[in-house]
There are 2 protein chains.
Amino acid sequence: MSHAGRPRKPSTDQDILRAVAELITERGYPRVTIDEVVERAGTNKPAFYRRFRSLTDVVPRLLASRHGTDEDIDTGTIVGDLVEVQRRQRRLFTDPVVTRGFAGWLADIDAHPERGASFLAEYLGPRRAYTQVILDRAAARGEIAEGADPGWIADLLTGPLIMHVVMPGLAPVDSVLVARSVHAALDALGYRGDRSIVDLEGAVSEQRSGAPDVG
Amino acid sequence: MSHAGRPRKPSTDQDILRAVAELITERGYPRVTIDEVVERAGTNKPAFYRRFRSLTDVVPRLLASRHGTDEDIDTGTIVGDLVEVQRRQRRLFTDPVVTRGFAGWLADIDAHPERGASFLAEYLGPRRAYTQVILDRAAARGEIAEGADPGWIADLLTGPLIMHVVMPGLAPVDSVLVARSVHAALDALGYRGDRSIVDLEGAVSEQRSGAPDVG
DNA sequence: TCATAATGTTACCAATAGTAACGTAAATAT
DNA sequence: ATATTTACGTTACTATTGGTAACATTATGA
(Lines give C-alpha, C1' and ligand atoms only; values in the text may rest on other atoms or scores of the structure.)
Protein backbone atom coordinates (compact mmCIF):
# COMPACT_ATOMS: atom_id res chain seq x y z
CA MET A 1 0.00 0.00 0.00
CA SER A 2 1.01 3.57 0.75
CA HIS A 3 3.02 4.90 -2.19
CA ALA A 4 5.90 4.09 -4.38
CA GLY A 5 9.29 5.54 -3.65
CA ARG A 6 11.64 5.24 -0.73
CA PRO A 7 9.77 5.42 2.56
CA ARG A 8 10.55 7.96 5.20
CA LYS A 9 12.84 6.81 7.93
CA PRO A 10 10.41 6.44 10.82
CA SER A 11 12.92 7.22 13.55
CA THR A 12 13.54 10.71 12.17
CA ASP A 13 10.06 11.83 13.18
CA GLN A 14 10.61 10.74 16.74
CA ASP A 15 14.13 12.18 16.80
CA ILE A 16 12.81 15.57 15.72
CA LEU A 17 10.01 15.52 18.29
CA ARG A 18 12.45 14.60 21.03
CA ALA A 19 14.94 17.27 19.99
CA VAL A 20 12.28 19.97 19.90
CA ALA A 21 10.98 18.95 23.31
CA GLU A 22 14.48 19.09 24.77
CA LEU A 23 15.30 22.45 23.28
CA ILE A 24 12.03 24.05 24.32
CA THR A 25 12.63 22.75 27.83
CA GLU A 26 16.19 24.01 27.93
CA ARG A 27 15.95 27.39 26.22
CA GLY A 28 12.31 28.32 25.85
CA TYR A 29 10.39 28.41 22.60
CA PRO A 30 11.73 31.64 21.09
CA ARG A 31 15.32 30.40 21.28
CA VAL A 32 14.76 27.14 19.49
CA THR A 33 16.31 27.16 16.02
CA ILE A 34 15.81 24.66 13.24
CA ASP A 35 19.56 24.25 12.86
CA GLU A 36 19.88 23.10 16.43
CA VAL A 37 16.84 20.87 16.18
CA VAL A 38 18.15 18.96 13.20
CA GLU A 39 21.63 18.76 14.64
CA ARG A 40 20.38 17.28 17.89
CA ALA A 41 18.02 14.98 16.05
CA GLY A 42 20.89 13.70 13.97
CA THR A 43 19.28 14.75 10.71
CA ASN A 44 19.22 17.73 8.41
CA LYS A 45 17.09 20.63 7.32
CA PRO A 46 15.60 19.13 4.17
CA ALA A 47 14.46 16.10 6.16
CA PHE A 48 12.86 18.43 8.67
CA TYR A 49 11.01 20.44 6.05
CA ARG A 50 9.77 17.31 4.34
CA ARG A 51 7.89 16.54 7.56
CA PHE A 52 6.89 19.92 8.95
CA ARG A 53 6.15 23.25 7.38
CA SER A 54 7.69 25.09 10.31
CA LEU A 55 8.59 24.75 13.96
CA THR A 56 5.06 25.85 14.74
CA ASP A 57 3.76 22.69 13.13
CA VAL A 58 5.80 20.49 15.43
CA VAL A 59 4.17 21.57 18.66
CA PRO A 60 0.71 20.05 18.07
CA ARG A 61 2.38 16.76 17.13
CA LEU A 62 4.39 16.99 20.30
CA LEU A 63 1.35 17.62 22.46
CA ALA A 64 -0.55 14.81 20.79
CA SER A 65 2.29 12.38 21.43
CA ARG A 66 2.51 13.34 25.09
CA HIS A 67 -1.08 14.09 26.05
CA GLY A 68 -3.22 12.90 23.22
CA THR A 69 -4.46 9.52 24.40
CA ASP A 70 -7.07 10.62 26.87
CA GLU A 71 -9.62 8.02 27.78
CA ASP A 72 -13.17 9.02 28.50
CA ILE A 73 -14.02 10.31 31.94
CA ASP A 74 -17.03 8.88 33.72
CA THR A 75 -16.50 8.37 37.44
CA GLY A 76 -20.18 8.48 38.24
CA THR A 77 -20.18 11.81 40.07
CA ILE A 78 -19.67 15.38 38.95
CA VAL A 79 -17.03 15.85 41.62
CA GLY A 80 -15.07 12.82 40.56
CA ASP A 81 -15.27 13.80 36.91
CA LEU A 82 -14.04 17.33 37.51
CA VAL A 83 -11.23 16.10 39.73
CA GLU A 84 -10.13 13.78 36.94
CA VAL A 85 -10.31 16.55 34.35
CA GLN A 86 -8.09 18.68 36.52
CA ARG A 87 -5.69 15.84 37.26
CA ARG A 88 -5.07 15.62 33.53
CA GLN A 89 -4.89 19.36 33.12
CA ARG A 90 -2.34 19.53 35.89
CA ARG A 91 -0.23 16.97 34.08
CA LEU A 92 -0.54 18.95 30.86
CA PHE A 93 0.26 22.32 32.39
CA THR A 94 3.30 21.12 34.28
CA ASP A 95 4.87 19.56 31.20
CA PRO A 96 7.94 21.69 30.46
CA VAL A 97 7.10 21.65 26.78
CA VAL A 98 3.91 23.47 27.72
CA THR A 99 5.25 25.74 30.43
CA ARG A 100 8.12 26.96 28.25
CA GLY A 101 6.59 26.50 24.82
CA PHE A 102 2.93 27.33 24.95
CA ALA A 103 3.00 31.12 25.04
CA GLY A 104 5.40 31.41 22.13
CA TRP A 105 3.48 28.91 20.12
CA LEU A 106 0.21 30.74 20.76
CA ALA A 107 1.82 33.96 19.61
CA ASP A 108 2.98 32.25 16.42
CA ILE A 109 -0.45 31.00 15.50
CA ASP A 110 -1.95 34.38 16.30
CA ALA A 111 0.44 35.83 13.75
CA HIS A 112 0.01 32.90 11.31
CA PRO A 113 -3.54 31.67 11.92
CA GLU A 114 -3.50 29.01 9.23
CA ARG A 115 -0.90 27.08 11.19
CA GLY A 116 -3.20 26.67 14.18
CA ALA A 117 -6.40 25.56 12.52
CA SER A 118 -5.83 21.86 13.05
CA PHE A 119 -4.97 22.32 16.71
CA LEU A 120 -8.14 24.24 17.22
CA ALA A 121 -10.27 21.60 15.54
CA GLU A 122 -8.60 18.49 16.90
CA TYR A 123 -7.46 19.47 20.36
CA LEU A 124 -9.05 22.54 21.85
CA GLY A 125 -12.55 22.02 20.54
CA PRO A 126 -12.99 18.43 21.73
CA ARG A 127 -11.68 19.27 25.19
CA ARG A 128 -14.05 22.13 25.70
CA ALA A 129 -16.84 19.99 24.29
CA TYR A 130 -16.07 17.32 26.83
CA THR A 131 -17.05 19.66 29.65
CA GLN A 132 -20.49 19.70 28.10
CA VAL A 133 -20.68 15.91 28.25
CA ILE A 134 -19.73 15.84 31.91
CA LEU A 135 -22.24 18.52 32.83
CA ASP A 136 -25.02 16.85 30.86
CA ARG A 137 -24.49 13.59 32.71
CA ALA A 138 -24.42 15.39 36.05
CA ALA A 139 -27.66 17.17 35.21
CA ALA A 140 -29.23 13.84 34.21
CA ARG A 141 -28.22 12.41 37.59
CA GLY A 142 -29.78 15.42 39.25
CA GLU A 143 -26.52 16.59 40.82
CA ILE A 144 -26.72 20.02 39.24
CA ALA A 145 -29.36 22.10 37.52
CA GLU A 146 -29.70 22.07 33.77
CA GLY A 147 -28.60 25.00 31.71
CA ALA A 148 -25.13 25.64 33.08
CA ASP A 149 -22.79 27.19 30.54
CA PRO A 150 -20.05 24.62 29.91
CA GLY A 151 -17.85 27.31 28.37
CA TRP A 152 -17.77 29.25 31.60
CA ILE A 153 -17.10 26.11 33.64
CA ALA A 154 -14.20 25.32 31.32
CA ASP A 155 -12.93 28.86 31.79
CA LEU A 156 -12.98 28.42 35.56
CA LEU A 157 -11.19 25.09 35.36
CA THR A 158 -8.54 26.15 32.88
CA GLY A 159 -8.15 29.91 33.21
CA PRO A 160 -6.28 29.97 36.51
CA LEU A 161 -4.04 27.16 35.31
CA ILE A 162 -3.12 28.91 32.09
CA MET A 163 -2.50 32.05 34.04
CA HIS A 164 0.01 30.31 36.25
CA VAL A 165 1.68 28.84 33.20
CA VAL A 166 2.16 32.04 31.28
CA MET A 167 2.57 34.76 33.91
CA PRO A 168 6.09 35.12 35.26
CA GLY A 169 6.65 34.83 38.97
CA LEU A 170 3.62 32.70 39.76
CA ALA A 171 3.87 29.29 41.37
CA PRO A 172 3.64 26.27 39.07
CA VAL A 173 0.30 24.57 38.66
CA ASP A 174 -0.04 22.40 41.74
CA SER A 175 -2.61 20.37 43.62
CA VAL A 176 -3.82 23.37 45.60
CA LEU A 177 -4.62 25.29 42.46
CA VAL A 178 -6.50 22.46 40.82
CA ALA A 179 -8.49 21.72 43.96
CA ARG A 180 -9.47 25.36 44.29
CA SER A 181 -10.52 25.51 40.67
CA VAL A 182 -12.76 22.47 41.13
CA HIS A 183 -14.38 24.16 44.10
CA ALA A 184 -14.94 27.30 42.06
CA ALA A 185 -16.54 25.28 39.28
CA LEU A 186 -18.80 23.49 41.74
CA ASP A 187 -19.78 26.83 43.25
CA ALA A 188 -20.63 28.18 39.83
CA LEU A 189 -22.77 25.10 39.21
CA GLY A 190 -24.60 25.57 42.47
CA TYR A 191 -23.51 22.11 43.58
CA ARG A 192 -24.35 21.44 47.22
CA GLY A 193 -23.36 17.81 47.68
CA ASP A 194 -20.31 16.16 49.14
CA ARG A 195 -16.94 17.52 48.06
CA SER A 196 -14.56 15.61 50.29
CA ILE A 197 -12.97 13.82 47.34
CA VAL A 198 -11.72 17.14 45.96
CA ASP A 199 -9.35 17.71 48.81
CA LEU A 200 -8.49 14.04 49.11
CA GLU A 201 -7.59 13.56 45.47
CA GLY A 202 -6.63 17.12 44.73
CA ALA A 203 -4.76 17.13 48.01
CA VAL A 204 -5.18 20.61 49.40
CA SER A 205 -3.35 19.18 52.38
CA GLU A 206 -0.14 19.09 50.35
CA GLN A 207 2.10 22.03 50.98
CA ARG A 208 2.42 24.48 48.16
CA SER A 209 5.88 24.12 46.71
CA GLY A 210 8.18 26.08 44.46
CA ALA A 211 8.29 29.79 43.85
CA PRO A 212 5.98 31.91 45.96
CA ASP A 213 3.49 34.21 44.34
CA VAL A 214 4.40 37.75 43.56
CA GLY A 215 1.57 39.49 45.29
CA MET B 1 20.10 70.16 35.19
CA SER B 2 20.08 66.66 33.79
CA HIS B 3 23.31 66.15 31.88
CA ALA B 4 25.55 67.76 29.36
CA GLY B 5 25.28 66.82 25.72
CA ARG B 6 22.58 67.05 23.15
CA PRO B 7 19.26 65.91 24.58
CA ARG B 8 17.26 63.14 23.06
CA LYS B 9 14.52 64.22 20.74
CA PRO B 10 11.45 63.60 22.87
CA SER B 11 9.11 62.90 19.99
CA THR B 12 11.16 59.89 18.91
CA ASP B 13 10.15 57.96 22.02
CA GLN B 14 6.49 58.52 21.29
CA ASP B 15 6.94 57.79 17.61
CA ILE B 16 8.52 54.43 18.41
CA LEU B 17 5.81 53.52 20.89
CA ARG B 18 3.12 54.40 18.41
CA ALA B 19 4.79 52.47 15.61
CA VAL B 20 5.21 49.37 17.75
CA ALA B 21 1.59 49.54 18.88
CA GLU B 22 0.40 49.82 15.29
CA LEU B 23 2.55 46.98 14.03
CA ILE B 24 1.59 44.63 16.87
CA THR B 25 -2.05 45.41 16.17
CA GLU B 26 -1.67 44.85 12.44
CA ARG B 27 0.61 41.83 12.26
CA GLY B 28 0.91 40.27 15.70
CA TYR B 29 3.99 40.41 17.88
CA PRO B 30 6.15 37.78 16.18
CA ARG B 31 5.97 39.60 12.86
CA VAL B 32 7.10 42.98 14.13
CA THR B 33 10.60 43.85 12.94
CA ILE B 34 12.84 46.64 14.11
CA ASP B 35 13.39 47.81 10.57
CA GLU B 36 9.69 48.37 10.10
CA VAL B 37 9.33 49.99 13.49
CA VAL B 38 11.98 52.60 12.83
CA GLU B 39 10.77 53.20 9.31
CA ARG B 40 7.23 53.84 10.47
CA ALA B 41 8.44 55.92 13.38
CA GLY B 42 10.48 58.07 11.00
CA THR B 43 13.73 57.34 12.75
CA ASN B 44 16.56 54.83 12.51
CA LYS B 45 18.01 51.80 14.20
CA PRO B 46 20.72 53.49 16.25
CA ALA B 47 18.14 55.86 17.69
CA PHE B 48 15.98 52.88 18.59
CA TYR B 49 18.80 51.03 20.29
CA ARG B 50 19.81 54.12 22.24
CA ARG B 51 16.39 53.95 23.90
CA PHE B 52 15.57 50.27 24.12
CA ARG B 53 17.69 47.17 24.43
CA SER B 54 15.27 45.20 22.29
CA LEU B 55 11.69 45.06 21.12
CA THR B 56 10.89 43.20 24.31
CA ASP B 57 11.79 46.30 26.29
CA VAL B 58 9.26 48.41 24.44
CA VAL B 59 6.19 46.51 25.53
CA PRO B 60 6.27 47.43 29.23
CA ARG B 61 6.68 51.08 28.28
CA LEU B 62 3.74 50.70 25.95
CA LEU B 63 1.54 49.16 28.62
CA ALA B 64 2.55 51.81 31.12
CA SER B 65 1.67 54.58 28.68
CA ARG B 66 -1.75 53.07 27.96
CA HIS B 67 -2.78 51.50 31.26
CA GLY B 68 -0.33 52.77 33.84
CA THR B 69 -2.19 55.61 35.49
CA ASP B 70 -4.55 53.65 37.65
CA GLU B 71 -6.09 55.55 40.50
CA ASP B 72 -6.80 53.80 43.75
CA ILE B 73 -9.99 51.82 44.05
CA ASP B 74 -12.20 52.36 47.09
CA THR B 75 -15.90 52.31 46.31
CA GLY B 76 -16.91 51.39 49.84
CA THR B 77 -18.08 47.86 49.11
CA ILE B 78 -16.28 44.69 48.09
CA VAL B 79 -18.66 44.25 45.19
CA GLY B 80 -18.04 47.73 43.87
CA ASP B 81 -14.30 47.36 44.23
CA LEU B 82 -14.18 44.07 42.36
CA VAL B 83 -16.42 45.39 39.63
CA GLU B 84 -14.05 48.31 39.18
CA VAL B 85 -11.02 46.03 39.13
CA GLN B 86 -12.62 44.02 36.38
CA ARG B 87 -13.73 47.06 34.46
CA ARG B 88 -10.08 48.03 34.22
CA GLN B 89 -8.97 44.53 33.44
CA ARG B 90 -11.49 44.35 30.66
CA ARG B 91 -10.05 47.53 29.19
CA LEU B 92 -6.54 46.09 29.45
CA PHE B 93 -7.37 42.72 27.95
CA THR B 94 -9.27 44.13 25.00
CA ASP B 95 -6.44 46.46 24.01
CA PRO B 96 -5.12 45.09 20.71
CA VAL B 97 -1.57 45.61 21.89
CA VAL B 98 -2.36 43.10 24.61
CA THR B 99 -4.52 40.69 22.65
CA ARG B 100 -1.98 40.41 19.83
CA GLY B 101 1.20 41.13 21.75
CA PHE B 102 1.00 39.65 25.18
CA ALA B 103 1.62 35.97 24.46
CA GLY B 104 4.67 36.62 22.34
CA TRP B 105 6.06 39.04 24.84
CA LEU B 106 5.57 36.55 27.67
CA ALA B 107 7.40 33.93 25.64
CA ASP B 108 10.28 36.34 25.10
CA ILE B 109 10.73 37.07 28.77
CA ASP B 110 10.48 33.39 29.58
CA ALA B 111 13.40 32.87 27.24
CA HIS B 112 15.22 36.04 28.40
CA PRO B 113 14.17 36.47 32.03
CA GLU B 114 16.32 39.51 32.68
CA ARG B 115 14.21 41.53 30.27
CA GLY B 116 11.06 40.98 32.31
CA ALA B 117 12.30 41.74 35.79
CA SER B 118 11.12 45.34 35.83
CA PHE B 119 7.68 44.46 34.55
CA LEU B 120 7.34 41.91 37.28
CA ALA B 121 8.36 44.34 39.98
CA GLU B 122 6.57 47.44 38.73
CA TYR B 123 3.42 46.13 37.12
CA LEU B 124 2.42 42.61 38.02
CA GLY B 125 3.42 42.69 41.65
CA PRO B 126 1.56 45.87 42.58
CA ARG B 127 -1.60 44.72 40.83
CA ARG B 128 -1.70 41.43 42.63
CA ALA B 129 -0.89 43.23 45.85
CA TYR B 130 -3.83 45.53 45.33
CA THR B 131 -6.21 42.61 45.64
CA GLN B 132 -4.90 42.20 49.14
CA VAL B 133 -5.74 45.81 49.97
CA ILE B 134 -9.30 45.43 48.71
CA LEU B 135 -9.85 42.21 50.64
CA ASP B 136 -8.38 43.65 53.82
CA ARG B 137 -10.75 46.60 53.70
CA ALA B 138 -13.70 44.31 53.03
CA ALA B 139 -12.74 42.14 55.96
CA ALA B 140 -12.44 45.25 58.16
CA ARG B 141 -15.97 46.24 57.10
CA GLY B 142 -17.16 42.75 57.98
CA GLU B 143 -18.27 41.94 54.45
CA ILE B 144 -16.10 38.85 54.19
CA ALA B 145 -14.19 36.64 56.58
CA GLU B 146 -10.53 37.25 57.27
CA GLY B 147 -7.89 34.97 55.86
CA ALA B 148 -8.94 34.76 52.24
CA ASP B 149 -6.03 34.11 49.89
CA PRO B 150 -5.72 37.20 47.68
CA GLY B 151 -3.58 35.26 45.23
CA TRP B 152 -6.40 32.85 44.53
CA ILE B 153 -8.94 35.65 44.22
CA ALA B 154 -6.64 37.37 41.74
CA ASP B 155 -6.38 34.07 39.85
CA LEU B 156 -10.15 33.86 39.61
CA LEU B 157 -10.48 37.43 38.44
CA THR B 158 -7.68 37.33 35.89
CA GLY B 159 -7.29 33.70 34.84
CA PRO B 160 -10.41 33.42 32.69
CA LEU B 161 -9.62 36.76 31.08
CA ILE B 162 -6.07 35.79 30.18
CA MET B 163 -7.38 32.51 28.86
CA HIS B 164 -9.72 34.29 26.49
CA VAL B 165 -6.89 36.54 25.39
CA VAL B 166 -4.37 33.85 24.54
CA MET B 167 -6.43 30.87 23.43
CA PRO B 168 -7.48 30.93 19.81
CA GLY B 169 -11.15 30.66 18.96
CA LEU B 170 -12.51 32.04 22.22
CA ALA B 171 -14.70 35.11 22.41
CA PRO B 172 -13.00 38.39 23.35
CA VAL B 173 -13.13 39.49 26.95
CA ASP B 174 -16.58 41.00 27.39
CA SER B 175 -18.93 42.17 30.07
CA VAL B 176 -20.40 38.71 30.60
CA LEU B 177 -17.00 37.24 31.32
CA VAL B 178 -16.03 39.91 33.80
CA ALA B 179 -19.36 39.74 35.58
CA ARG B 180 -19.08 35.98 35.91
CA SER B 181 -15.56 36.26 37.25
CA VAL B 182 -16.70 38.71 39.90
CA HIS B 183 -19.41 36.26 40.95
CA ALA B 184 -16.85 33.48 41.15
CA ALA B 185 -14.58 35.61 43.31
CA LEU B 186 -17.46 36.52 45.61
CA ASP B 187 -18.39 32.84 45.87
CA ALA B 188 -14.83 31.95 46.79
CA LEU B 189 -14.91 34.65 49.45
CA GLY B 190 -18.14 33.32 50.90
CA TYR B 191 -19.80 36.67 50.30
CA ARG B 192 -23.53 36.57 50.93
CA GLY B 193 -24.57 40.19 50.54
CA ASP B 194 -26.15 42.06 47.69
CA ARG B 195 -24.66 41.57 44.25
CA SER B 196 -27.06 43.46 42.06
CA ILE B 197 -24.40 45.97 41.06
CA VAL B 198 -22.37 43.23 39.39
CA ASP B 199 -24.90 42.61 36.69
CA LEU B 200 -25.83 46.28 36.44
CA GLU B 201 -22.28 47.53 35.97
CA GLY B 202 -20.84 44.40 34.46
CA ALA B 203 -23.95 44.16 32.36
CA VAL B 204 -24.70 40.49 32.06
CA SER B 205 -27.77 41.68 30.24
CA GLU B 206 -25.63 42.75 27.30
CA GLN B 207 -25.59 40.27 24.51
CA ARG B 208 -22.39 38.39 24.02
CA SER B 209 -20.83 39.63 20.79
CA GLY B 210 -18.11 38.55 18.40
CA ALA B 211 -16.80 35.07 17.72
CA PRO B 212 -18.62 32.24 19.46
CA ASP B 213 -16.76 29.81 21.66
CA VAL B 214 -15.27 26.67 20.24
CA GLY B 215 -16.82 24.16 22.60
C1' DT C 1 13.93 -3.08 -14.78
C1' DC C 2 11.75 1.33 -14.30
C1' DA C 3 9.50 5.01 -11.96
C1' DT C 4 9.11 7.21 -7.62
C1' DA C 5 10.39 9.43 -3.59
C1' DA C 6 13.29 9.93 0.52
C1' DT C 7 18.20 10.16 1.96
C1' DG C 8 22.01 13.40 3.39
C1' DT C 9 25.38 16.94 1.80
C1' DT C 10 26.60 21.37 0.15
C1' DA C 11 25.45 25.57 -1.10
C1' DC C 12 22.77 29.38 -1.43
C1' DC C 13 19.34 33.51 -0.81
C1' DA C 14 16.71 36.82 1.83
C1' DA C 15 15.44 38.71 6.08
C1' DT C 16 16.73 40.15 10.46
C1' DA C 17 19.02 41.68 15.01
C1' DG C 18 22.35 44.28 16.48
C1' DT C 19 26.82 47.15 16.10
C1' DA C 20 30.46 50.26 14.30
C1' DA C 21 32.00 54.36 12.29
C1' DC C 22 31.41 59.01 11.31
C1' DG C 23 30.53 63.69 10.44
C1' DT C 24 26.94 66.93 12.33
C1' DA C 25 23.98 69.33 15.65
C1' DA C 26 22.55 70.83 20.14
C1' DA C 27 22.98 71.10 24.75
C1' DT C 28 25.98 72.25 29.34
C1' DA C 29 30.17 73.84 31.78
C1' DT C 30 34.03 76.94 32.32
C1' DA D 1 33.46 82.22 23.39
C1' DT D 2 35.15 77.77 23.69
C1' DA D 3 35.43 73.07 25.01
C1' DT D 4 33.03 69.04 26.20
C1' DT D 5 29.53 65.97 25.91
C1' DT D 6 26.06 63.38 23.88
C1' DA D 7 22.32 62.56 20.54
C1' DC D 8 21.53 62.99 15.69
C1' DG D 9 20.97 60.33 11.23
C1' DT D 10 23.35 57.86 7.41
C1' DT D 11 25.88 54.03 5.66
C1' DA D 12 27.82 49.93 6.11
C1' DC D 13 28.79 45.81 8.19
C1' DT D 14 28.65 41.02 10.72
C1' DA D 15 26.36 37.04 12.31
C1' DT D 16 22.32 34.34 12.64
C1' DT D 17 18.45 32.37 10.91
C1' DG D 18 14.48 30.37 8.05
C1' DG D 19 13.82 28.31 4.11
C1' DT D 20 15.17 26.33 -0.81
C1' DA D 21 17.74 24.39 -4.58
C1' DA D 22 20.59 21.02 -6.60
C1' DC D 23 22.33 16.62 -6.63
C1' DA D 24 24.10 12.06 -6.39
C1' DT D 25 22.50 8.03 -3.73
C1' DT D 26 19.39 4.50 -1.85
C1' DA D 27 15.18 2.00 -0.98
C1' DT D 28 10.67 0.82 -2.23
C1' DG D 29 6.48 -0.63 -5.40
C1' DA D 30 4.79 -1.94 -10.06
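Letters A, B, ... mirror the listed sequences (proteins, then strands); counts begin at 1. Since this is a predicted model, take the numbers as computed values, not measurements.
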Whole-Å gap separating [atom2] ([N]) and [atom1] ([X]):
{"X": "B:Asp57", "N": "C:dA17", "atom1": "CG", "atom2": "P", "answer": "14 Å"}
{"X": "A:Tyr49", "N": "D:dT17", "atom1": "OH", "atom2": "P", "answer": "12 Å"}
{"X": "A:Asp13", "N": "C:dA6", "atom1": "CG", "atom2": "C1'", "answer": "12 Å"}

Tell me which pairs pass ring pair (Phe, Tyr, Trp, His ring centres under 6.0 Å) where either residue lies in residues 109-135 of chain A, with sequence neighbours left out.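 Non-adjacent pairs meeting ring pair (Phe, Tyr, Trp, His ring centres under 6.0 Å): A:Trp105-A:Phe119, A:Phe119-A:Tyr123.
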Residues that [X] engages under side-chain contact (heavy atoms from CB on, under 4.5 Å), provided they are two or more places apart:
{"X": "B:Pro7", "value": "none"}
{"X": "B:Arg6", "value": "none"}
{"X": "B:Glu26", "value": "B:Glu22, B:Leu23, B:Arg40"}
{"X": "B:Ala188", "value": "B:Trp152, B:Ile153, B:Leu156"}

Checking [X] now: which residues fulfil salt bridge (Lys or Arg N to Asp or Glu O under 4.0 Å) with it, not counting sequence neighbours?
{"X": "B:Arg115", "value": "none"}
{"X": "A:Asp35", "value": "A:Lys45"}
{"X": "A:Arg51", "value": "A:Asp13"}

Sugar-phosphate atoms are those with a prime plus P, OP1 and OP2; base atoms are the rest. Using that split, label each nucleotide of nucleotides 1-15 of chain D B, S or - for protein heavy atoms under 4.0 Å, 5' to 3'. ----BBBBBB-----
Between the side chains of B:Asp110 and A:Tyr29, is a donor N or O closer than 3.5 angstrom to an acceptor N or O?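 Not at all, the side chains of B:Asp110 and A:Tyr29 share no donor-acceptor pair under 3.5 Å.
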Please list residues of residues 105-114 of chain A whose heavy atoms come under 4.0 Å from any atom in DNA chain C, ordered by number; otherwise none.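 None, since no heavy atom is under 4.0 Å.
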Expected output is a numbered-order residue list: members of residues 32-40 of chain A with a heavy atom under 4.0 Å from any atom of DNA chain C. What is it?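 Going residue by residue through residues 32-40 of chain A, none turns out to have a heavy atom under 4.0 Å of DNA chain C.
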For B:Phe52, enumerate each residue passing the ring-ring contact (aromatic ring centres under 6.0 Å, His included) test, keeping only those at least two apart in sequence or located in another chain.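 ring-ring contact (aromatic ring centres under 6.0 Å, His included) check on B:Phe52 returns B:Phe48.
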